[in-house]
Amino acid sequence: MLDSIAKLPITKHSQTKQLLSINTSLSKARIYYREIEEGFWFFGFFLNLKENIIALSKYDKSVSSDYYLLTFSLFEYKFPLKSGDLLTLDSICWTFSKPNTEISSYFYKQSNGKFFSIALKKDWVKKNFTSKTFKERKAILQFLNGKRGSYTWLDISEKAHKIAADLTVIIKQTDNIEETNLILKKNSMKLMAEFFNNVFNDSRIEDNISLSNLDYFNVAKAERIILQNLHLPFIGIDFIAKEVNTSPTKLKANFKAVFGFSMLQYHKEKNLVLAMQLIEKSDFHIQEIAVITGHDSAGRFASSFKKRFGKLPSQVRF
């Protein structure tokens, strides 16, 4: 991956700082990379997107790949209001991908943020994932032994935010790279532990389902359609499947394998997370937030909100 990015004519590469810089009319990016140990790499990506972008990872079938990739993403994006104003909101998720799995990602105009990726070889994992640090070590190793796969979780660990803030500072220290690698490894292990200690709330690790790369691409397209329509009531599985050009039954099963939610549940979850952020970052009344998030009444919105977060949106005026 590093070689392919470094060879692009738009890339500036500082090998001493282990930094790739890209500045185009579409985006601005700084990519810090470190080989912590053999079989263990850490990447810090810092992006500012000027236009809508689709990123697709591709694998050279003639080259063997045995790296797993864990990514923690923290992005800010602009949410358009009816007034024409833009409200800055957060999008946070985790993705775990196995070798030879092609990943499609959609990034929206005026988004900016960072994501931290940890690339691990299987042999390194077997040696360093001890039961003391990773309580479900056996289940994790069985999961890694499966075929290709890509899985996404939403914001499942509050502690990970603090670790990510520390990693931001550490990875940008480019003057004494060798000295910071031990600190970087320690914090990377903390981030991995937070992930694996919080992913067993659903059965995807144990189920270990592997899909085709086309299936993963179709699921990513379905997610994009859902996110583009969060301000409306759920538009329906049949409509989304038609847009993706696959069967509703297959898309339903594949979407849940990747996200751990049905498409309807995913819409509801992202919709209520959007509502929570509107409450925290704006002065809207509950009636206004209900309309923005596609609810047919403030009462139903409040009921859904309480069911999800265990409390009424009391700070918003009725």
Side-chain angles (χ1 to χ4, degrees), residues 57 68-75 90-98 101-106 115-118 134-136 138-161 191-230 234-237 240-241 244 246-277 304-305 307-310:
S57 68
Y68 302 96
L69 193 66
L70 171 63
T71 300
F72 182 44
S73 306
L74 305 98
F75 268 81
D90 300 321
S91 178
I92 301 168
C93 71
W94 299 78
T95 303
F96 190 93
S97 301
K98 297 180 184 180
T101 305
E102 296 181 354
I103 310 167
S104 301
S105 302
Y106 295 87
F115 53 96
F116 302 103
S117 292
I118 301 170
F134 300 95
K135 299 175 184 178
E136 301 286 348
K138 184 177 180 180
I140 293 169
L141 293 179
Q142 288 176 341
F143 167 70
L144 297 180
N145 284 330
K147 297 179 181 179
R148 73 165 58 88
S150 180
Y151 313 83
T152 296
W153 290 262
L154 300 183
D155 191 10
I156 56 175
S157 169
E158 290 186 8
K159 290 182 180 179
H161 294 240
L191 190 66
M192 286 188 282
E194 277 302 306
F195 171 72
F196 282 113
N197 288 338
N198 285 279
V199 295
F200 287 90
N201 291 329
D202 63 57
S203 62
R204 281 179 292 162
I205 295 289
E206 293 96 328
D207 293 343
N208 205 3
I209 296 173
S210 296
L211 308 177
S212 71
N213 282 325
L214 177 60
D215 289 334
Y216 288 118
F217 182 66
N218 287 338
V219 167
K221 288 167 63 178
E223 186 206 17
R224 181 190 61 174
I225 293 169
I226 292 171
L227 295 178
Q228 288 175 332
N229 291 278
L230 278 183
F234 182 59
I235 58 177
I237 295 167
I240 297 172
V244 173
T246 190
S247 75
T249 302
K250 184 176 183 180
L251 185 60
K252 282 168 60 178
N254 291 348
F255 193 95
K256 190 163 187 178
V258 173
F259 287 99
F261 292 97
S262 69
M263 284 184 278
L264 174 59
Q265 289 171 329
Y266 187 80
H267 177 273
K268 288 180 177 179
E269 177 69 14
K270 295 290 286 189
N271 185 277
L272 289 171
V273 170
L274 167 62
M276 173 63 86
Q277 292 194 52
S304 297
F305 189 94
K307 185 176 180 181
R308 168 61 178 84
F309 296 109

Any heavy-atom pair between the side chains of [Y] and [X] that's under 4.5 Å?
X	Y	result
Phe217	Val244	no
Phe200	Ile140	yes
Leu70	Trp94	yes
Leu154	Phe259	no
Phe134	Met192	yes
Phe116	Leu74	yes
Ile240	Met263	yes
Tyr151	Val199	no

Q: Please determine if Lys98 forms a cation-pi arrangement with Phe143, meaning its NZ or CZ atom is less than 6.0 Å from the six-membered ring centre and no more than 45° off the ring axis.
A: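 Flagged: Lys98 positioned over aromatic ring of Phe143.
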Side chains of residues 221-230: which donor-acceptor partners sit under 3.5 Å, not counting sequence neighbours?
{"from": "Glu223", "atom 1": "OE2", "to": "Tyr266", "atom 2": "OH", "distance (Å)": "2.6"}
{"from": "Asn229", "atom 1": "ND2", "to": "Ile225", "atom 2": "O", "distance (Å)": "2.7"}

Within this structure, what is the [atom1]-[atom2] distance for the pair [X] and [Y], rounded to the nearest 0.5 Å?
X	Y	atom1	atom2	value
Ile103	Leu69	CD1	CG	6.0 Å
Asp90	Ser73	CG	OG	12.5 Å
Ile237	Ser262	CD1	OG	6.5 Å
Asp215	Leu251	CG	CG	9.0 Å
Lys256	Asp202	NZ	CG	9.0 Å
Asn213	Thr101	CG	OG1	6.0 Å

Q: Would you sort out whether Ile118 and Leu191 count as a side-chain contact (heavy atoms from CB on, under 4.5 Å), showing the intermediate values?
A: CA-CA 9 Å; Ile118 301 170; Leu191 190 66; 4.2 Å; yes
Q. Do you know the tightest heavy-atom contact between Glu194 and Ser157?
A. OE1-OG, 2.5 Å
Q. Got more than 12 heavy atoms from elsewhere within 6.0 Å of NZ, Lys268?
A.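 Count not over threshold, so no.
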Q. Aromatic ring centroids of Phe195 and Trp153 under 6.0 Å?
A. yes
Q) Looking at Arg148 and Glu102, does any basic side-chain N land under 4.0 Å from a carboxylate oxygen? A) no
